Amino acid sequence: QSINFGKSDALSGEWYNNGCDAVLTPEGTLKGKTYGADDQIFAVGDVNINAGKATHLKVRAKVSKATSIEIFYLTESGNTWIQTQGFTVGLKPEKTEAIIKLDKKPYINETITALRVDPATAPDVEFEIFGIDFMMDTTIPEFYLDGVKQPINSPVKFENGKTLFPFNP
């Protein structure tokens, strides 16, 4: 499942900032600047993310200096913000995406009901987070239309942190 902030039915709830300046852009990205090493952005309310049988998580973002982005999740059974229910990916200005394995993450197969993004582990980082993708195959992008996986029968192109491919709805 691909999550583009503000453009996904899976994240139709409210967003709250804690410590950083961040806005939800019309393009569906989270853009802002951190001031501390543990600034946070929360999505609460109508959050409904199904990671299902995903084996990997891809974070697509742009940062002004080397840092790590942390993403935490809550489910019905795992309803506390703890390190084991989170993912950390390292990014640099020249690296706009990172993929990590979802091995042994508790409750990841349950519906995710809240999401927290720590956009940087360093102060004074300008960031733009394009989205996150729960993936079963790290080499083939997945595309869903109204919750139904769509076949991709043509080559894809990666540009400016986004996956572009033609499709005929």
Side-chain angles (χ1 to χ4, degrees), residues 1-18 22-32 40-62 68-91 96-119 127-154 156-158 161-169:
Q1 182 173 17
S2 291
I3 307 298
N4 291 320
F5 306 103
K7 297 284 186 178
S8 172
D9 288 340
L11 286 175
S12 58
E14 297 291 321
W15 286 91
Y16 300 96
N17 299 344
N18 181 21
V23 296
L24 189 59
T25 69
E27 293 79 27
T29 67
L30 288 172
K31 189 173 186 175
Q40 303 158 349
I41 306 167
F42 296 90
V44 295
D46 294 326
V47 177
N48 184 13
I49 300 171
N50 183 357
K53 297 180 182 177
T55 58
H56 293 78
L57 176 81
K58 177 169 44 174
V59 177
R60 297 173 282 117
K62 182 170 51 174
S68 293
I69 294 175
E70 297 176 311
I71 298 173
F72 299 90
Y73 62 93
L74 298 181
T75 66
E76 184 176 323
S77 301
N79 55 10
T80 305
W81 299 116
I82 56 175
Q83 197 68 36
T84 56
Q85 285 178 216
F87 315 98
T88 302
V89 297
L91 292 175
T96 60
E97 62 182 45
I99 298 175
I100 60 168
K101 284 188 169 188
L102 298 180
D103 290 346
K104 301 175 184 151
K105 290 295 178 183
Y107 314 115
I108 192 65
N109 292 326
E110 294 183 15
T111 299
I112 295 172
T113 57
L115 197 66
R116 181 180 114 196
V117 178
D118 296 4
F127 63 88
E128 185 169 13
I129 303 172
F130 302 110
I132 58 175
D133 305 309
F134 290 94
M135 305 170 65
M136 290 182 61
D137 184 339
T138 60
T139 60
I140 301 172
E142 295 177 341
F143 174 67
Y144 290 83
L145 187 60
D146 294 328
V148 177
K149 186 174 178 182
Q150 302 297 310
I152 300 175
N153 299 320
S154 58
V156 298
K157 179 180 176 182
F158 299 100
K162 297 180 181 178
T163 304
L164 307 174
F165 54 90
F167 73 98
N168 185 0

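Reckoned from all heavy atoms, side chains included, excluding hydrogens, waters and symmetry mates. Only a predicted model underlies this, so the values are computations on that prediction, with no experimental measurement involved. Here, residue 1 is the first one in the sequence, and each next residue gets the next number.
- By the salt bridge (charged side-chain N to carboxylate O under 4.0 Å, His left out) test, K62 is found to be paired with E128, residues two or more places apart in sequence or in another chain being considered.
- Residues satisfying the ring pair (Phe, Tyr, Trp, His ring centres under 6.0 Å) test with F127, not counting sequence neighbours, are none.
- Annotation: side chain of I69 is not in contact with side chain of D118 (no heavy-atom distance under 4.5 Å).
- In this structure, D133 and R60 have side chains that are in contact, with non-hydrogen atoms separated by less than 4.5 Å.
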Under the side-chain contact (heavy atoms from CB on, under 4.5 Å) criterion, do I132 and V59 qualify, and how do the steps go? CA-CA 5 Å; I132 58 175; V59 177; 4.1 Å; yes
One pair to check against side-chain contact (heavy atoms from CB on, under 4.5 Å): L30 and L24. What are the steps and the verdict? CA-CA 5 Å; L30 288 172; L24 189 59; 3.9 Å; yes
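- Under the ring pair (Phe, Tyr, Trp, His ring centres under 6.0 Å) criterion, F72 pairs with no residue, sequence neighbours left out.
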Please walk me through it: do L115 and I71 pass side-chain contact (heavy atoms from CB on, under 4.5 Å)? CA-CA 7 Å; L115 197 66; I71 298 173; 3.8 Å; yes
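- Using a 4.5 Å heavy-atom cutoff, the side chains of T111 and T75 are not in contact.
- I99 has its side chain out of reach of L57: every pair of non-hydrogen atoms, C-beta onward, lies at least 4.5 Å apart.
- Legend: residues meeting side chain to side chain contact (heavy atoms under 4.5 Å, CB included) with N18, ordered by chain and number and at least two apart, are Q40, F42.
- Minimum interatomic distance between I41 and P119 (heavy atoms only, all atoms of both residues): CD1-CG, 4.1 Å.
- Of the inter-residue distances, the one linking H56 atom NE2 with M135 atom CE reads 8.0 Å to the nearest 0.5 angstrom.
- Residues F134 and A54 approach most closely at CB-CB, 3.8 Å, considering heavy atoms.
- Between the NZ atom of K31 and the CZ atom of F130 there is a distance of 8.5 Å, given to the nearest 0.5 Å.
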Considering only distance and modelled atom types, tabulate donor-acceptor pairs under 3.5 Å from the side chains of residues 83-91, sequence neighbours left out.
residue	atom	partner	partner atom	Å
Q85	NE2	Y73	O	2.9
Q85	NE2	G78	O	3.0

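- Side-chain contact between L74 and T113 is present, with at least one heavy-atom pair separated by less than 4.5 Å.
- With sequence neighbours excluded, the residues forming a side-chain hydrogen bond (donor to acceptor under 3.5 Å, both in side chains) with S77 are E110, listed by chain and number.
- Residues that satisfy the side-chain hydrogen bond (donor to acceptor under 3.5 Å, both in side chains) test with E70, not counting sequence neighbours, are absent from this structure.
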